[in-house]
Number of protein chains: 2
Amino acid sequence: MNIDSVKSMTENCPIARWRRKKEARPAEILDAALSQFVEKGYRATKMEDIARAAGVTKGTPYLYFQNKEEIFKAIARGTFVANLQQLDKLADDFDGSASALLHHMVAHWWQEVGCSPSAGLCKLMIAEAANFPELARFYFEELIAPSNQLLSRVLQRGIDSGEFRAVPLVHTVDALLAPLLTTMIFSHSFGQLPGCCIGSTKDPLGFLQDALDLVLHGLKNN
Amino acid sequence: MNIDSVKSMTENCPIARWRRKKEARPAEILDAALSQFVEKGYRATKMEDIARAAGVTKGTPYLYFQNKEEIFKAIARGTFVANLQQLDKLADDFDGSASALLHHMVAHWWQEVGCSPSAGLCKLMIAEAANFPELARFYFEELIAPSNQLLSRVLQRGIDSGEFRAVPLVHTVDALLAPLLTTMIFSHSFGQLPGCCIGSTKDPLGFLQDALDLVLHGLKNN
DNA sequence: ATCAAGCTACTGAACAGTGATTTATTAATT
DNA sequence: AATTAATAAATCACTGTTCAGTAGCTTGAT
């Protein structure tokens, strides 16, 4: 359907060379740009790469976005939206133990974020943070800080209920997040190289659960 | 010609505009390149940035290196050398408990690697892995895999002696490494942004020790 | 020790390729 | 036929690389 039309547009249909799609273009361009950025990095992807990946030519992206940087910003702003709210809700609605909740959250996170294209964006943000300070701040304030706060609340709940011992909250939150981040980063940096895999890239979800278990075992009151 | 540029070129001697230093140049250029790459990323760093940071002009780096990419490779190859051997030796010579050894190793690692310019290179490698697959493989084989093996040995020793319970080795190693990596990465990506700090960037060494304690608590036989 | 003469590390202007952005033109849609 | 989405050629700024010239160093004859 869509793919076919793109093909015929660029490849072998001599009549209809292209199609007008004012509504769909912006999203198509952003999708294409995300995958290109993730694949090659910001600087190494040319506007033409983005355009071709979106099935248009060099000039078209400029009809919808001011320039390359604005495309990057639009991607960043558009991607960090609703996932966190989902996790927030998950945490609020859950009425089992804090441990069980954490397991749920990790599984959910992996499925919705860790696995998804937005994981590539996270790696990209980390790589490009120094070059886009405003975006880095945005990323930090919109995603990292709230994630930390959410985890803090869950941990505090576990401590209050006596399920966990009174560990230093701030450091423990970071310790819980670390495996998630490294899994995401590694799978995007070395995941493609044949043979270059460590435990966490072979079986990401399994690793995440094991890592969580390990920390939880250390958190338990005994 | 500009007086300032002459001054900056030679620091403070208005007569001798430059000096011949065949022996020292390569190292100076590599040092300069490392700091520029770490600061701006590979693509965003111009050869002239490197040259100026090394106190020479655009042409000079080409007297010692074929091109920009070779400079990057030279840095990568030159940086991942002896630290791991030091840690290896530390582990072999140590005769206390596995927990105490791990604490020693973390402290040593932070001082010699986490804190140092080579930490910036690690972040850089992660960011550029997709663009330099050969280098990424080199980095993986020379640094990541051996680090994993070293930690495996230490863990296994702890398990054999009955100090630790029999956890899944591969995943546990990755779980131990995760806080080190995130600390390094975060401090380089968000460390400069005022106000953007999480627990691990505020007090890195403290965080590393706490994170290790947490996992060790989970590892202990009780 | 001095100084001329040669050597070469280094400079900096010029070159060439690249890639972001603009714009005149074309053709799909209404 | 009018409108305008999209193209494709042109522009323009930038940057990696080269190279002819310059100046700091070395050597050896005096």
Side-chain angles (χ1 to χ4, degrees), chain A residues 2 5-11 13-30 32-33 36-37 39-74 131-132, chain B residues 1-11 13-30 32-33 36-37 40-75 128 131-132:
Chain A
N2 232 340
S5 68
V6 167
K7 223 179 223 172
S8 68
M9 196 171 56
T10 59
E11 308 280 316
C13 178
I15 295 168
R17 305 207 305 158
W18 43 272
R19 229 170 255 234
R20 296 163 65 127
K21 299 196 281 181
K22 190 179 166 68
E23 291 75 27
R25 287 295 182 218
E28 288 177 4
I29 290 166
L30 290 182
Q36 293 292 305
F37 284 152
E39 189 181 319
K40 309 181 218 235
Y42 176 78
R43 293 257 172 184
T45 65
K46 310 174 212 170
M47 286 299 283
E48 189 161 10
D49 294 335
I50 297 174
R52 293 194 98 78
V56 296
T57 53
K58 295 174 65 167
T60 305
Y62 289 95
L63 300 176
Y64 300 97
F65 302 95
Q66 261 191 341
N67 53 36
K68 190 178 176 183
E69 184 165 344
E70 286 304 318
I71 291 180
F72 184 52
K73 289 183 182 174
N131 294 111
F132 298 94
Chain B
M1 182 182 293
N2 180 333
I3 292 174
D4 283 343
S5 70
V6 170
K7 230 176 218 169
S8 70
M9 202 165 50
T10 60
E11 310 283 319
C13 175
I15 295 169
R17 307 205 306 154
W18 47 273
R19 231 171 253 228
R20 296 163 64 125
K21 299 196 279 180
K22 189 180 166 67
E23 322 300 327
R25 287 295 182 219
E28 289 176 3
I29 290 167
L30 290 182
Q36 294 292 305
F37 284 152
K40 309 181 219 239
Y42 177 79
R43 294 257 173 186
T45 306
K46 309 176 213 169
M47 286 300 283
E48 190 161 9
D49 294 336
I50 297 174
R52 293 194 99 77
V56 295
T57 53
K58 295 175 65 169
T60 306
Y62 289 94
L63 300 176
Y64 299 98
F65 302 95
Q66 262 191 341
N67 52 37
K68 189 179 177 184
E69 184 165 344
E70 286 305 317
I71 291 180
F72 184 52
K73 289 183 182 174
I75 292 173
E128 299 291 343
N131 294 110
F132 297 95

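Lettering of chains follows the sequences in order, A, B, ..., and the numbering in each one begins at 1.
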Take atom CD of A/Q66 and atom C1' of C/dA20, then tell me their distance rounded to the nearest Å.
14 Å

Please state whether the rings of A/F132 and A/Y42 are parallel, tilted or perpendicular, taking 30° and 60° as the class boundaries.
perpendicular

Check B/R43 with B/E128, please: is the shortest side-chain N to carboxylate O separation under 4.0 Å?
no

Gap between atoms CD1 and C1', on A/I50 and C/dA20 respectively (whole Å)
11 Å

Can any side-chain N or O of B/N131 pair as donor or acceptor with the backbone N or O of A/K40 at less than 3.5 Å?
yes

Taking atom CD as the centre, does B/Q66 end up with more than 12 heavy-atom neighbours from other residues, nucleotides or ligands that are less than 6.0 angstrom away?
no

Return the value, rounded to whole Å, for the distance between atom NZ of B/K46 and atom P of D/dT17.
15 Å

With a 4.0 Å limit, can you tell me whether A/T60 has a side-chain N or O closer than that to the phosphate oxygens OP1/OP2 of D/dA6?
no

Which residue lies more 5' along DNA chain D, comparing B/K68 with A/Y64 via nearest heavy atoms
A/Y64

Atom CZ of A/R19 and atom C1' of D/dT7 are separated, to the nearest Å, by 17 Å

Length of the NZ-P vector between B/K22 and C/dC10, whole Å:
8 Å

Selected nucleotide, minimal atom distance to B/L63 side chain, candidates D/dA6, C/dT21, C/dC10:
C/dC10

Expressed as a whole number of angstroms, how long is the span from B/K58:NZ to D/dT18:C1'?
10 Å

If I take atom CE in residue B/M47 and atom P in nucleotide C/dG17, what distance separates them, rounded to the nearest angstrom?
18 Å

Whichever of B/R20 and B/G59 has the more 5' nearest nucleotide on DNA chain D, that residue is B/G59

